[in-house]
Protein chains: 2
Amino acid sequence: MIALDFESPEPLYQQIYRSIRDDIVTRNLPAGAKLIAIRRLADDLHVARNTVETAYLQLAAEGYVASRPGSGYIVEDLDFDSLGTPGSAAKRAKERIERAMQSQERFRDEPFNRHDKLAYDFTYGDRPVGSFPSQIWKSLTDEALFTANNKAACYGDGLGEPDLRRQIAQRVHVSRGVNCSAEQVVIQPGTQVALGNLLTLFDPARDAVAMEEPGYDGVSTVLRNRGFRRIPIPVRPLDGKKAGSQVFFDALEASGASLAFCTPSNQFPTGMTMPLSSRIRMLDWAKRTGAFIIEDDYCREFRYETRPIPSLQSLDENDRVIYMGTLSKVLSPALRMSYIVLPPELLERWRTVFANYYCPVPWLSQETLRLFMEKGHWDRYTRKTVTEYRKRRNALMAAIERELDGRVDVLGGQAGLHLLMRTRDERGQDELVEAAKTQGVRVYKTEKYWMGQPHSMEDYVLVGFSSIKTELIDEGIRRLARAWF
Amino acid sequence: MIALDFESPEPLYQQIYRSIRDDIVTRNLPAGAKLIAIRRLADDLHVARNTVETAYLQLAAEGYVASRPGSGYIVEDLDFDSLGTPGSAAKRAKERIERAMQSQERFRDEPFNRHDKLAYDFTYGDRPVGSFPSQIWKSLTDEALFTANNKAACYGDGLGEPDLRRQIAQRVHVSRGVNCSAEQVVIQPGTQVALGNLLTLFDPARDAVAMEEPGYDGVSTVLRNRGFRRIPIPVRPLDGKKAGSQVFFDALEASGASLAFCTPSNQFPTGMTMPLSSRIRMLDWAKRTGAFIIEDDYCREFRYETRPIPSLQSLDENDRVIYMGTLSKVLSPALRMSYIVLPPELLERWRTVFANYYCPVPWLSQETLRLFMEKGHWDRYTRKTVTEYRKRRNALMAAIERELDGRVDVLGGQAGLHLLMRTRDERGQDELVEAAKTQGVRVYKTEKYWMGQPHSMEDYVLVGFSSIKTELIDEGIRRLARAWF
């Protein structure tokens with residue numbers, strides 16, 4: 001018995017569909033029952049046959065009934081009991097959505113990876129607010145949208161847009177001495193995804209990864225999550241008996257690793273530069289053992305007292321170095337754009353393993369960046385960024401000398417976007433971070449950069465200068481002095 | 001002996017640096033040698049002390065010399081021989097770059113994942129050229145750039161921008177019946193990356209994955225690359241003795257899988273809709289075994305003869321379904337934007353495992369898409385897209401009926417963006433694809449959709465209608481008829 005409401009905005013076929021569906025769900029129409037013939041139901045309800053047919057087709061498409069040639073539509077045997085009470089999914093959905101609405105404000109300010117705002121935040125990695133060249137990016141985006149609209153319709157090159165890869169190959173050669181052709185450049189949405197893909201070319205059951213200790217936690221987490229054995233290679237001497245580099249190379253030789261992750265230009269987080277002798281030894285190690293070295297050149301040309309030092313890759317005669325770069329520190333971390341330069345052997349493996357993968361970086365970002373590079377904005381902007389960072393870094397070094405001289409040990413600061421600092425007393429990082437907070441200053445703990453137990457450096461805190469306004473640096477360090485001493 | 005050229009554009013400090021460096025590399029200055037004191041060299045060369053000091057600092061920064069307190073700068077012991085002949089890296093770089101230049105044209109047209117252009121290309125997945133709403137996207141990008149410029153400076157929410165996630169949660173609820181809160185929505189750059197991340201929550205040593213057979217090769221490759229055991233679950237009967245769904249569920253029950261990948265709305269590539277009875281059985285299987293089901297709803301509302309069928313997730317009372325959606329088919333595959341709706345248990349795991357990961361989708365794409373949705377463009381554009389696809393699909397069905405009636409078997413076409421077709425004779429897919437080419441028509445092989453050996457369907461070819469112009473469909477099918485019969 002179907003009751004139709006001819007005044008309702010709900011289409012008639014939909015009312016018929018719903019009525020029959022409800023009868024099936026509540027078993028008023030049992031499994032195996034035959035639906036009334038289309039013609040008869042249409043006559044009974046005074047509607048067009050087509051209306052009933054549409055309802056029946058919908059029921060059949062969703063699987064409530066099956067169409068049997070010669071015998072019409074038969075109700076399917078549906079075990080709704082195994083799902084739970086009918087209608088409860090909708091009820092729960094309503095509850096969830098209401099809950100979400102209530103938690104809207106909480107959700108908006110969700111401090112995932114974030115902290116409460118403090119006035120003097122020596123954070124690391126973020127860029128200064130307002131530094132993004134929005135006006136230029138806007139006009140280049142417009143240009144990209146209208147000159148390359150056809151590319152919006154398809155998937156593009158799996159390794160990244162060829163013209164962008166050519167621009168990057170040229171730039172890393174000039175600025176970092178990287179030796180490569182454009183084919184070797186692969187566009188990726190950030191170092192973590194890039195590393196994850198790279199690890200796909202290796203086997204967690206067989207290949208161990210040597211990782212700087214301390215080192216970038218964002219990378220060591222990827223290694224752990226992908227099931228690779230991580231072998232910590234100490235970058236600072238554990239005791240006074242052996243030279244630091246000897247400890248490092250003893251550990252590297254003993255590691256049996258197939259891959260080594262390192263940051264030669266500016267070791268993260270200690271801020272040390274890998275000396276030439278160690279670079280030569282690392283390349284020799286890779287050549288002898290057949291291992292590959294991942295050079296994360298995240299800091300590129302950010303070197304303040306001398307010219308930038310050429311990349312490790314530029315010394316590599318045996319194609320053992322995988323060079324990684326990112327746009328996060330120069331332009332914007334929110335662009336999610338980075339690149340890998342693969343040695344030929346790995347490029348071959350990559351092409352095989354990822355043959356039917358799509359490039360995960362949007363075409364529009366790639367096109368816009370290509371134009372940004374082609375038109376010279378990239379080079380100008382990089383110079384401007386380095387100048388900005390140098391200003392902040394010099395202000396920070398001067399403030400530390402003025403306010404904290406003789407009372408703290410400082411590591412790093414010749415390059416990169418941060419330095420490490422500790423007081424010359426018994427206080428550890430927790431105490432120093434908490435004390436700073438009382439004066440409205442945020443400095444950061446370093447413990448997460450250790451895979452094993454922190455050793456001789458557990459009392460260091462990280463002080464970044466990539467994002468804090470230059471004019472706040474003096475007062476920030478003054479307050480830090482007040483908080484600590 | 002350092003010869004300075006005071007007329008050269010090369011800075012003097014750089015000439016000094018280079019001269020000493022070359023002497024060290026060629027061992028004219030042996031390991032352990034002491035550099036001339038800064039003051040004396042400055043006097044000898046008639047340059048400022050500062051000029052010599054800058055050169056020495058650069059040599060020290062790069063590691064050619066070490067500064068020893070009290071004894072000046074000492075040449076390091078550098079084993080250049082282990083690197084290869086000096087200068088060969090630069091030489092090889094030059095060769096590589098020249099080679100790259102020569103291959104520029106080849107590289108530009110590199111047919112990676114691509115084929116030669118044919119006039120009648122029944123490709124699958126790409127969007128029609130010119131379909132991207134560039135004008136709207138441009139103005140929303142501008143708006144996003146100027147209202148949210150501060151977000152360009154930092155890394156953002158690791159799961160995606162909260163406001164965008166709210167928009168998506170609302171839309172998948174309305175259009176697909178998906179029950180979720182905005183917190184459960186995770187933004188990802190495409191199905192392959194999303195699946196890769198999802199797999200990180202599982203253990204390849206313990207968890208097997210049930211995969212539709214035939215199924216989407218882009219997904220089965222990710223499973224293989226990540227080392228997961230894939231268990232093919234046949235979606236079409238292998239023989240006439242058992243019903244198709246019985247074969248499917250027998251295989252599923254026997255699989256012991258922790259995860260099952262499926263495409264219930266429009267099985268790829270067979271175009272079948274998973275009937276309600278099978279949906280209920282699948283959910284019951286997941287509930288009993290504790291497995292999760294990945295529902296790839298790539299085709300969303302693209303259903304042509306009836307209304308869209310609600311998602312599998314909408315029936316799930318036990319939080320066993322992971323819902324995946326993509327923007328590739330509605331808006332643009334080049335945007336690289338997709339999303340996952342995680343059940344609460346997996347959301348917890350995700351937050352733990354990816355605690356220090358960044359969201360790989362650019363902030364600007366996310367902001368622009370949010371505005372696109374908020375301002376109603378998304379809903380309008382989706383309707384327009386479905387209308388477009390329906391037009392193409394109807395043209396294709398009509399052309400097949402007219403030109404090929406009775407001579408081919410057709411599978412699918414009620415939903416999605418393609419159908420499968422075979423001739424009723426002995427010819428296999430290779431022969432059919434090659435014959436089509438001779439008439440300027442491209443149809444596609446289906447063999448890659450099988451993990452095991454193709455069985456009863458090895459003679460089917462894929463005919464897509466997402467990208468070919470409507471006015472070319474008739475002639476394309478006419479030529480296909482000519483090519484095949």
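Predicted model, so just to flag it, every value in this text is computed and none were measured. When reading the values below, keep in mind they use all heavy atoms of this one structure, side chains included, and skip hydrogens, waters and symmetry mates. Note on naming: letters A, B, ... go to the chains in the order of the sequence lines (proteins, then strands), and numbering restarts at 1 for each one.
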Mark yes or no for whether [X], through its side chain, and [Y], through its backbone, hold a donor-acceptor pair below 3.5 Å.
X         : Y         : answer
Arg165(B) : Glu183(B) : yes
Ser134(B) : Phe146(A) : no
Gln414(B) : Arg303(B) : no

Can you see which heavy atom on [X] is nearest to which on [Y], and at what distance?
X         : Y         : answer
Trp137(B) : Thr368(B) : CE2-CG2, 3.4 Å
Ala61(B)  : Ile309(A) : O-CD1, 3.1 Å
Glu161(B) : Asp157(B) : OE2-N, 4.1 Å
Asn318(A) : Asp316(A) : N-OD1, 2.9 Å
Gln313(A) : Gly177(A) : OE1-O, 4.4 Å
Arg336(A) : Cys359(B) : NE-O, 3.0 Å

Considering only heavy atoms, which portion of [X] lies under 4.5 Å from any heavy atom of chain A: side chain, backbone, both, or neither?
X         : value
Arg224(B) : side chain
Val193(B) : side chain
Ser365(B) : side chain
Tyr216(B) : side chain
Gln135(B) : both
Gln192(B) : side chain

Under a 4.5 Å cutoff for heavy-atom pairs, which residue among Leu276(B), Thr191(B), Leu78(B) has the most contacts with chain A?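 Greatest number of close heavy-atom pairs with chain A: Leu276(B).
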In terms of heavy-atom pairs under 4.5 Å, which option from Asn225(B), Leu335(B), Asp217(B) contacts chain A the most?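 Heavy-atom pairs under 4.5 Å are most numerous for Asn225(B).
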Can you tell me which portion of [X] sits under 4.5 Å from chain B's heavy atoms? Options are side chain, backbone, both or neither.
X         : result
Pro308(A) : backbone
Val361(A) : backbone
Arg226(A) : side chain
Arg288(A) : neither
Lys151(A) : backbone
Arg279(A) : neither
Ser277(A) : both
Thr221(A) : both

Output the option from [options] having the highest count of non-hydrogen pairs under 4.5 Å with chain B.
options                                    : answer
Asp79(A), Asp77(A), Leu364(A), Thr273(A)   : Asp79(A)
Lys448(A), Lys138(A), Gln58(A), Gln14(A)   : Gln58(A)
Ala153(A), Gly130(A), Gly63(A), Gly218(A)  : Ala153(A)
Pro360(A), Gly190(A), Pro189(A)            : Pro360(A)
Pro275(A), Ala152(A), Gly125(A)            : Ala152(A)
Asn197(A), Leu199(A), Leu283(A), Asp142(A) : Asp142(A)

Is the closest basic N to carboxylate O distance between Asp163(A) and Arg166(A) below 4.0 Å?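 Salt bridge present between Asp163(A) and Arg166(A).
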Can you find a heavy atom in the side chain of Leu159(B) that is under 4.5 Å from one in the side chain of Arg351(B)?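 With C-beta onward as the side chain, the pair touches.
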For the pair Tyr155(A) and Tyr358(A), name the ring-plane relationship: parallel under 30°, tilted 30 to 60°, perpendicular over 60°.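 Correct class here is parallel.
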Is the positively charged end of Arg307(B) above the ring of Tyr13(A), judged by distance under 6.0 angstrom from the centroid and angle within 45° of the axis?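 No, Arg307(B) does not lie over the aromatic ring of Tyr13(A).
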